[in-house]
Amino acid sequence: MSGLGLRSPVMVASGCGGTGRELAPFTDLDGLAFVTRTLTSGARSGGPTPRLVESPSGFLNAVGLHNPGLTVFCETELRWLVRAGAQVFVSIAGSSLAEYAELSRSLGRTPGIAGVEVNLSVPDPEGAGVFDAREPYLAASAISVVRRELPRDLPVLAKLRLDVSRAVETARAVSEAGASAVVLGNALPAAMPDGRPAGLSGPALRPVALRCVLEVVRALPGVAVIGAGGVESTDHAREHLRAGAVAVQVGTALLHDPTTVSRLVSDLAGAPHLVRGSDSDHRDQHHHRDLHDHHAPDPHDPGRDHDRRTDLRSPAE
Amino acid sequence: MPDVVPTRALPDRGPVHATGEVLATRRAGAYRVLTLAVPGIPERFRPGQFVAVSLDTAHLARRPLWIHRVRATGTHGATLEVVVEPCGVGGRWLSALPQGARLPVTGPLGRPFALPRESVPCLLVGEGYAAAALFSLAERLRDRECPVTMLVAARDEAHLLSALEARRLARSVTVVTEDGSVGSRGTAATHVGAALDASGAPVVYAAGAASTLAVVAREASARGVSSQVALERPMPCATGLCHACVVPVLGGDGGVLQVRACLEGPALPGDRVLWDELG
């Protein structure tokens, strides 16, 4: 299994980092894991306004995969992001398996990217005109197609829905199909006040996402999990990391406070974030070293286990 | 039509996110005017730009506010004034802030008004609290020796913003209210044609409701006048991240582009906005 090569356990979630340029005044992008907005083969102008509506402890969004298309993205946004030093994970969604293959072939020839995230969690796949990956075998099919077209050492993240009853099943399927990690999750299916399909994101999702991470980590100890959903503080990030996630993605919080990621990266820097409780102590040790080669303390350093125990004893900041 | 130069923000003049302090709060008719000390924002501000404030984390959408005035000096350094209409959750929350309150503020945001290269007459059309966006512009134009005419409009006297201040800044001011409580009866839309003809301005700047801006742009185009409109859209993040405040505009190649009001705007050339498709 390929390592993710993350320099920090904090990533920018898809769809909330703009093109990167807008985030740059508030966050140093150099070395930051940045997941792009979801790209499709052709440009999409997105849905009608209003696209984002405030909801109790969350946002309802119906942006509709607004994006310039993969080709234009590679010429403009990607080039800029790579120059800025970001670790760019390109998020993709296809309307068919053939489109996933086409997108992946193109990305396989694109230098400078750190990985690919496959968006299998669009809240309204039919309305968005994307491949419906709600069934685990369909999600796995998409990952198989993507994996086949990309270099073996390029990480593939499978972003899954927070539909808790199928999360473990889907995580297992995509992992067996070649996903390097699963991202849990995306906006939950919801509706705009006017009845249009939408996705709910933000603090309202936090406990749902954490539950999802816990279930997958416990059921599938060999699968790398990235937590996403309502993370806005260092404590929230630590909740996911203590649950066994290898990283967190920050999305909606950036719309409220554009400095959130830089604050979290700074707060978590230098602290061993890979804190495992008894439930996950039997996870594959080699795998985790591989994921965190860039920042983990020397595994031969006797102080490493001591640090971890210290964190477990006093998890709160 | 005069050559209008976009005043792009330089990289070192980008937005900052900082904690602001409410130095003063006062009533101005139906509005509240907050004087804020926010390090870095007044120094970077250019007319047409705005700030966004965050409420609590239960209310995620950020509230964009027009900058009414920037004071270069003061006990607390440079300060800025924003105008708040006490409507909705955010408006009421902001209006109730006491002196000394602290809140996260991001700015200056957006692309400022493009200014004429030469000293030409300019017409400024402001409606309601959005007229706030035009006062610092009037100062800047006056500094560039552009004769300024202002048309300020509101539904009634209470919603009329700083007509006295307008008279200080402009050579000529027309005041209109829908109920006729002060000035002429009417709206900015019904008076803009006459104001354009009377001023002879080759460029008009406008801030107000989208329906008013559409009329201003149309009346300007009909006369071969350049228009710059400060367009308000729902801006949940106000920093360009979320792509929620898109505006359909006519691209250079004749195609339709979706630009973000918070980033590529809020000041946009009125003749490029596809008003009928704005939604």
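Computed from heavy atoms alone, side chains included, the values below leave out hydrogens, waters and symmetry copies.
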Engaged part of B:Thr239 at the chain A interface, taking heavy atoms whose separation is under 4.5 Å:
both
Could you name the residues of residues 248-263 of chain A that have a heavy atom within less than 4.5 Å of a heavy atom in chain B?
A:Thr252, A:Leu254, A:Leu255, A:His256, A:Asp257, A:Pro258, A:Thr259
Ignoring hydrogens and geometry, is there a side-chain-to-backbone donor-acceptor pair from A:Arg51 to B:Cys245 under 3.5 Å?
no
Measure distances from A:Pro56 to the heavy atoms of chain B and classify the residue's part below 4.5 Å as side chain, backbone, both or neither.
backbone
Applying a heavy-atom distance below 4.5 Å, give me the residues of residues 22-29 of chain A that approach chain B, sorted by number.
A:Glu22, A:Leu23, A:Pro25, A:Phe26
For the side chain of B:Gln258 and the backbone of A:Ser45, is there at least one donor-acceptor N/O pair under 3.5 Å apart?
no
From A:Ser57 OG over to B:Leu60 CG, what is the distance, rounded to the nearest 0.5 angstrom?
7.0 Å
One option among B:Val246, B:Leu257, B:Leu55 has the most heavy-atom pairs under 4.5 Å with chain A, and it is B:Val246
A:Thr49 versus chain B, the contacting section by heavy-atom distance below 4.5 Å
side chain
Heavy-atom distance under 4.5 Å to chain B: side chain of A:Arg21, backbone, both or neither?
neither
Neighbour count >12 (heavy atoms, 6.0 Å) for atom CG, A:Asp194:
yes
Heavy-atom closest pair, residues B:Cys242 and A:Val63
O-CG2, 4.0 Å
Ion pair check, B:Arg63 and A:Glu54, cut-off under 4.0 Å
yes
Calculate, to the nearest 0.5 Å, the distance between atoms OG and NE2 belonging to A:Ser55 and B:His59 respectively.
10.0 Å
Examine whether an atom of B:Pro104 lies under 4.5 Å from a heavy atom of chain A, and if so say whether it belongs to the side chain, the backbone or both; otherwise answer neither.
neither
